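Per chain, numbering begins at 1; letters A, B, ... match sequence-line order. From a predicted model like this one, the values you see are computed outputs, not experimental measurements.
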2 protein chains.
Amino acid sequence: MDKNLVIPGSEPCDDDACAVRDALLIIGGKWKSIIMHTVHNQGTIRFNQLKKSLPDISQKMLTQQLRELERDGLIKRVDHEEMPPRVEYSLTDLGISAGSVYKTINIWQKEYLKTINNNRKNYDESKTDQG
Amino acid sequence: MDKNLVIPGSEPCDDDACAVRDALLIIGGKWKSIIMHTVHNQGTIRFNQLKKSLPDISQKMLTQQLRELERDGLIKRVDHEEMPPRVEYSLTDLGISAGSVYKTINIWQKEYLKTINNNRKNYDESKTDQG
DNA sequence: GGTAGTAGGTACTTTTAGGTGACTATGGAT
DNA sequence: ATCCATAGTCACCTAAAAGTACCTACTACC
């Protein structure tokens, strides 16, 4: 087995936690990838526009995820302090860099989705066949 | 903004779900990255060896995660059917390919961790300063 | 003065992920 | 007979993530 092929650093974990684990707290979760994707596609996007683009997300979750993305510096929030309110979201440079990670994940998934689904089917069959 | 720089495919979601979201169900979660990392490092590893390498994981979670990784075809499980039991785990080719995804995530995290932590600090301060 | 649009916030509930501790089967050693 | 090691399973519980429904502030418009 070639040790140079794969996976993270050299220690199993830095201190307690894994870098990958930490990264997934920042870019993972149910909504962040699609929010990031939508903001990127639009360049600049307002709150309600975003909400309409993501019909299944609740207002609360959208706000919450945007706050986290803003806190971590992946997204920039500009409040124009007008009435009626106008708030615009866009990606920061860090957000754009995270985009390349999403892209890698996406490519991997697209490439191996069928394989994985076949594996699952075979696994299930082997379990129902002979427990 | 350069549309060619970043993020997944061209639609926000394939059907309901995102490819990235689906991928993270396969390779994400609290334990999978470190399990994969450990198995890779050892080449072949037995259950209890793995448990000792990951002192914080419970036996139940280890079994459960290994079953999912096996089901999805990232990990191969070989039961030698001896007594006392001897079961050996190793990565499949698909598992190795997932390693490159973990690697990308890991590199990104290592590169931007400080930036993210600074962003969080500044964000918190701006919130406590003036709400 | 009632309604609509904007960008949220709050309280409560459900669902999912993860954790704890005791238990099983097997055979060999003490 | 009892204990040990291996590789688990089972029932139960907590904590975190996500969802639902309703509320706020401000202004314009009718």
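Taking only side-chain nitrogens and oxygens, A:Arg86 never comes nearer than 4.0 Å to OP1 or OP2 of C:dT6. The phosphate of C:dG8 (OP1 or OP2) has no side-chain N or O of A:Lys51 nearer than 4.0 angstrom. The shortest distance between the side-chain N/O atoms of A:Arg77 and the OP1/OP2 oxygens of C:dG8 is below 4.0 Å. Considering only side-chain N and O atoms, B:Arg46 lies nowhere under 4.0 angstrom from the phosphate OP1 or OP2 of D:dT6.
Between B:Asn48 and A:Pro84, the residue anchored closer to the 5' end of DNA chain D is B:Asn48, taking for each the nucleotide with the nearest heavy atom. Both A:Gly29 and B:Tyr89 lie close to DNA chain D; mapped to their nearest nucleotides by heavy-atom distance, the more 5′-ward contact belongs to B:Tyr89.
By the 4.5 Å heavy-atom criterion applied to side chains, A:Glu88 and A:Lys76 are not counted as neighbours.
Proximity note for A:Met61 (side chain, C-beta onward) versus D:dA18, D:dA7, C:dT6: the nearest is D:dA18. Of all nucleotides listed (D:dA7, C:dA7, C:dT6), C:dT6 comes nearest to the side chain of A:Lys52. Of the candidate nucleotides D:dT20, C:dG19, C:dT26, C:dT26 has the atom nearest to the side chain of B:Met83. Distance from the side chain of B:Gln59 is smallest to D:dA7 among D:dA7, C:dG19, C:dG8.
Remark: C1' of C:dA25 and CD of B:Glu82 are 16 Å apart, rounded to the nearest angstrom. Between the CG atom of A:Leu54 and the P atom of D:dG19 there is a distance of 11 Å, given to the nearest Å. When rounded to the nearest whole Å, the span between NZ of B:Lys60 and C1' of D:dA7 equals 17 Å. For A:Leu62 and D:dA17, the CG to C1' distance is 16 Å, given to the nearest whole Å. For A:Phe47 and C:dA7, the CZ to P distance is 8 Å, given to the nearest whole Å. In this structure, the CG atom of B:Asp79 is 10 Å from the C1' atom of D:dG8, given to the nearest Å. Taking atom CD of B:Glu81 as the reference point, atom C1' of C:dT26 lies 13 Å away to the nearest angstrom. Protein atom CD of B:Gln64 is 9 Å distant from nucleotide atom P of C:dA17, rounded to whole Å.
Note on A:Thr63: only backbone sugar-phosphate atoms sit closer than 4.0 angstrom, heavy atoms only; bases stay farther off.
Rounding to the nearest 0.5 Å places CH2 of A:Trp31 at 8.0 Å from CD1 of A:Ile35.
A donor-acceptor pair shorter than 3.5 Å cannot be found between the side chains of B:Ser100 and A:Trp108.
Taking 3.5 Å as the limit, the base of C:dG18 and the side chain of B:Lys30 contain no donor-acceptor pair of atoms between them.
A salt bridge between B:Lys32 and B:Glu68 is present, with a side-chain N of the basic residue lying under 4.0 Å from a carboxylate O of the acidic one.
Annotation: B:Asp124, atom CG; neighbour count of heavy atoms from other residues, nucleotides and ligands within 6.0 Å is above 12.
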